[in-house]
Amino acid sequence: MGLLALGTPLEWRDAKKAADQVRQWGIEQLLAIWRRAKGKERDVLRWGDEIEYLVVAYEYQQRKVKLSLRQADILDALAKDVALQKQGGCVPELQNIAREGEPLPTFHPEFGRFMLEATPGKPWGIGFKDLLDVEPNMKWRRTIAKEHMEPNEYPITLTTFPRLGTRDDFITPYYPPSGDRLRSQFLPDEIANPHIRFPTLAANIRARRGRKVAINVPIFQDEHTAMPFQDPTVDYDLHKWPEDDDVRNGAAKEDHIYMDAMAFGMGSCCLQITFQAKNIIEGRKLYDQLSPLGPILLALTAATPIYKGFLADTDVRWNQISRAVDDRTPEELGEKPLHNDRWRLPKSRYASNSTYISQDPRLRKEYMDPELVVDEGIKQRLMDEGMDDLLATHFAHLFIRDPIVIFGEDLKELDLSKTDHFENLQSTNWQHMRFKPPPPDNSIGWRVEFRPMEIQITDFENAAFSVFIVLVTRAILSFDLNFYIPIPRTTENMETAHARDAVLNEKFYFRNDPLPPRPAKASANGHASGNTTPAAQPSRPATPTGPVEDEYSLMTIDEIINGQSSPSENSTKPFPGLVPLVESYLNSMNVDVQTRCDLARYLDLIRKRANGRYWTAAKWIRHFVRGHGEYQGDSVVSERTTYDLCMAVEEMTRCEGRSGEGVGWEMFMENKGMTRKRKGESACG
Amino acid sequence: MKLRLSTSNIINGGTSIVRRPASEKSNVELVNGLRSNFTASMQASIPAGNGDILDAADGKGAIKNAVLPSTSWTNVDNGRLNVPANNPDDPGLAEERSEYDITVKFFLLPKTRFSDWRRHLQDATSAVLQELRVDSVDLLIISFPGVSFDADSEEVGECGSNQIQASEPELLDAILDVWNTVATLQANGVALNTGVAEFGCERLKEFLSKTSHRPMVNQINVRDACEVPQSIMELAKQERIELLTHNDCANILPQGTLRDLLGDGPNGAGLLAGPNAQTKGLEGDLSPEWVVKYTAVVRDRGVIEHKGYFASADLLQKPTV
């Protein structure tokens, strides 16, 4: 997560008063960045992945697994060793696992005190060797993390801990729920990273909202699930905080699992990829073109079927995070007439993105979000300084939000060489794409972050999805692909991606023909035909004028990933498929045999997740729970089931379905016991 | 007369680049690239105001000789017919040469005379250098007719246990002969690195024993890159030759395909005379000579900026009676 500057954070009532100042200063800082960096050119492709872990602690005797809250200790131990190694010292923990010539990975705190984030020690390039280094590096990160934990602690990459927020002692050390910051009836304040930024973030979101956040996930209705379902863990009789009234006012919905704190969402683990673009133009193009892929990759990486000890009827984390940081007031939500607030806000600050920003002739005005809310004053300020309409609209949209965490010390003087106020708003707009300007010293270029994917259980999968997205960006840029659809369709797709087994059963809006028409060309004797531009620039087709609705149709994930066998009704060409597009890209590159084999394994995984031959983690976890001896057919995920599930996940992380029992083979192969073709790969104990 | 066919840049030319699985042959990129460039060039050559001619065409842009004289979109240069006409104003690469990795793959075709091969190589190389406005390429790969790598038969036995077929010695001599030209191109700085395609273990071993100019690359077509036989992997490793993958087909431009492309059929460019001289056009026997594929990739960004093909054919015109 972004900046962790220390200082005195303002309580919400004071922060609110300073909001306009922070926004104004943030905009001035943005303009300073933009002036410095708008002409920045020819940056190479650098990219990075972020892996987030839950730290679990086993109590083998009791067959229990808990979340470990020792994040700070683990990070301290890691930092100490890294510092020692930099000084050339001998670090016992790292001696056996150091990798020659490879910088040590970096570990970061996350919102949840039970979480860790790890990034590679240096950004990746596009060299194929780099692509193949990703998976070993991810495995190495996990090994290093594990080396700095207690023997019974493990970093696992489940999106959420299945029993977070149950009534039992699911954390170690144990703290009782209901603290001042979160005021949650399920979680203690100690669940959040104790760094002052995080509890303040949670408290001020709650204060701004005027009540606790409310996360209702539909319950999975199994054979013996009591219907209608009333979440039995909800206590309607608490009177410690004013917010305890929330449930008495209907915050917990029937047939839903109810959660009431930021940590239920922001405690989820994601797989995020950030790309450096060649320049601002390419960055804006990638931002737009990757946006429609967001819901598709969300559904394809589905891994979140359990909340608070119950099977949910959804497969992904997204909406839960969205609601967990939803700071909108009743007025902004449209529950009350607008009186104190400036506007109705259709989306949470954590949501699918709402803008296209590329100055691309293919971007039709019909694609834009008609519900977009923009601060016109801010937009005008940006445009007065020369920023174009599209980009000014984007930032003026992000800046409709209030800054949540403000440090009093930062309000004394505006420093245009810093970006803190800009980042305050930028980094608390958690949309599925993020457009990131260069830092003050211009040492890094314009970047685009792809944020929708769920973390996968194994590093093989995490590497596969990371590398796949990188290759998709290269295909987009090489082939000049066009994935534009209207933003409201992407918003709808994001909802669709939540459905149980959406990857197989649902259809998503997607553009029928992503390939550009052949550019019209100049004739041999020099003059161009028609009204095209001179041959010196690749000519663009004139803006198409057919109905926008004819440009896209509903497709299955299989069709989007692997291609359509016949065109959609409103199209003449079958959609070629993202994997075939990536393969066309690879066929035009010099790729050695070993690399192609490894990339083929990754593409094979994605192809078969999409066509259902391999299961998503969500499907496997649901299947595991329902097949467990303790399962009563009542949607309840017991402590023992959770213990066995975490052990199985642990084994899968090591063996990728090839262990003696073949745990999780359904996610990696079509038949139990099949071995993947990879040199040196054997059965796994 | 020689015909030189070009696709120009196909990389953002839409459908040429994506092969739909199973249903299509692997030279579809070349064939579609040529066809679409012909169509685009024909359209560009239509004088303003005659746009309705196009609308009357069948949507694929097949415009017949009867409407347009072929010379409006082709040109003759050193006695060679360029199809379509080359564009002297083409700017070549967008950025500095040093930003790119340029790979050129030169395909010698079946039924061509060994003695012509060196000349073909020179022609093809200069066509690419001129097209991209560069004076060197990073990698030049030569693909020989009748040389193909078979993962299945390679699997059998140790490298060195199989006999090379009886007809091979002449082919080997021709390969070595062309390879001398390749060596010269490298010595002159035109090709910074060189390679061969589809050499199996046996052939590679024999080849290496007879040339002092070592290839850096052997490019093989494998259905499954994870199923490459150990023998060739080991030999490549030992000889420090990089094994690259490709998916070009063995016979990239058969004579029939070429006739279809240029002929007066529904998908043809209408340059050739129809059977029994029903339609006007070039007459004679058309035979493919060589094909060259070139790719320019912006190295540090992994973005393919330029990709295209040239193909050369010989039209043996019948002596007029």
Side-chain angles (χ1 to χ4, degrees), chain A residues 42-45 125-127 278 282 470-471 473-474 477-480 513 515-530 532 534-536 538 562-563 573-574 576-577 580-581 583-601 676-679, chain B residues 8-21 29 36-37 39-41 43-46 48 51 72-75 84-87 89-91 95 99 101 103 139 217 219-220 222 224-228 233 236 242-247 295 297-305 307:
Chain A
R42 291 207 187 173
D43 283 313
V44 304
L45 171 65
I126 182 59
K278 167 190 175 184
E282 188 184 278
V470 174
L471 293 174
T473 66
R474 298 307 99 184
L477 295 175
S478 294
F479 303 147
D480 203 18
D513 183 8
L515 295 164
R518 193 184 172 100
K521 68 187 285 177
S523 64
N525 45 12
H527 54 76
S529 71
T532 53
N562 295 315
K573 294 176 191 165
L581 285 165
E583 285 187 326
S584 294
Y585 168 77
L586 291 174
N587 287 341
S588 297
M589 300 292 286
N590 293 328
V591 187
D592 70 82
V593 165
Q594 186 57 48
T595 304
R596 193 66 196 254
C597 170
D598 279 24
L599 294 178
R601 292 166 55 238
R676 276 184 285 112
K677 302 161 192 161
R678 192 189 189 191
K679 298 275 175 312
Chain B
S8 82
N9 192 2
I10 60 169
I11 198 65
N12 49 22
T15 44
S16 305
I17 201 78
V18 179
R19 187 205 302 180
R20 297 184 196 282
E29 183 176 273
S36 113
N37 198 31
T39 306
S41 303
Q43 289 171 353
S45 72
I46 297 169
S72 69
W73 62 281
T74 61
N75 70 353
N86 53 359
N87 180 1
D89 300 330
D90 196 305
E95 293 176 31
E99 303 279 322
D101 261 332
T103 301
L139 177 61
V217 159
Q219 202 190 35
I220 54 179
V222 276
D224 184 343
C226 300
E227 290 287 343
V228 176
M233 296 278 278
E242 203 175 358
L243 282 183
L244 297 184
T245 54
H246 73 84
N247 77 332
T295 317
V297 175
V298 185
R299 189 180 295 122
D300 291 335
R301 295 203 296 275
V303 175
I304 309 163
E305 183 188 290
K307 180 175 183 177

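To find a chain, count down the sequence lines: A is the first, B the second, and so on, and within it residues start at 1. We use all heavy atoms of the structure for the numbers below, so side chains are in, but hydrogens, waters and symmetry mates are not.
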Item to check | When A:Arg596, A:Lys278, A:Glu583 are compared by non-hydrogen pairs under 4.5 Å with chain B, the top option | outcome: A:Lys278
Next on the checklist: At a 4.5 Å cut-off on heavy atoms, which part of B:Glu305 comes close to chain A: side chain, backbone, both, or neither?
Outcome noted: neither
Item to check | Spacing of CZ belonging to B:Arg301 relative to CG belonging to A:Leu45, to within rounding of 0.5 Å | outcome: 9.0 Å
Next on the checklist: Rounded to the nearest 0.5 Å, what separates atom CG in A:Leu586 from atom CG in B:Asn247?
Outcome noted: 10.0 Å
Item to check | Minimum heavy-atom distance A:Ser478-B:Gly302, with the two atoms named | outcome: OG-O, 4.1 Å
Next on the checklist: Heavy-atom pairs under 4.5 Å with chain A: which of B:Glu95, B:His246, B:Arg299 has the most?
Outcome noted: B:Glu95
Next on the checklist: What's the separation between atom OG1 in B:Thr295 and atom CG in A:Asn587, rounded to the nearest 0.5 Å?
Outcome noted: 11.0 Å
Checklist entry - Which value, rounded to the nearest 0.5 Å, describes the distance between B:Leu243 atom CG and A:Gln594 atom CD? => result 10.5 Å
Item to check | side chain to side chain contact (heavy atoms under 4.5 Å, CB included) assessment of A:Asn590 paired with B:Leu139 | outcome: CA-CA 10 Å; A:Asn590 293 328; B:Leu139 177 61; 3.8 Å; yes
Checklist entry - At a heavy-atom separation under 4.5 Å, does B:Thr245 approach chain A through its side chain, its backbone, both, or neither? => result both
Checklist entry - chain A heavy atoms under 4.5 Å from B:Val303: which part of the residue, side chain, backbone, both or neither? => result both
Checklist entry - Of all heavy-atom pairs between B:Ile304 and A:Ser588, which one has the smallest distance, and what is that distance? => result CD1-CB, 3.4 Å
Checklist entry - If you count heavy-atom pairs under 4.5 Å between each of A:Val593, A:Val44, A:Asp592 and chain B, which one has the most? => result A:Val593
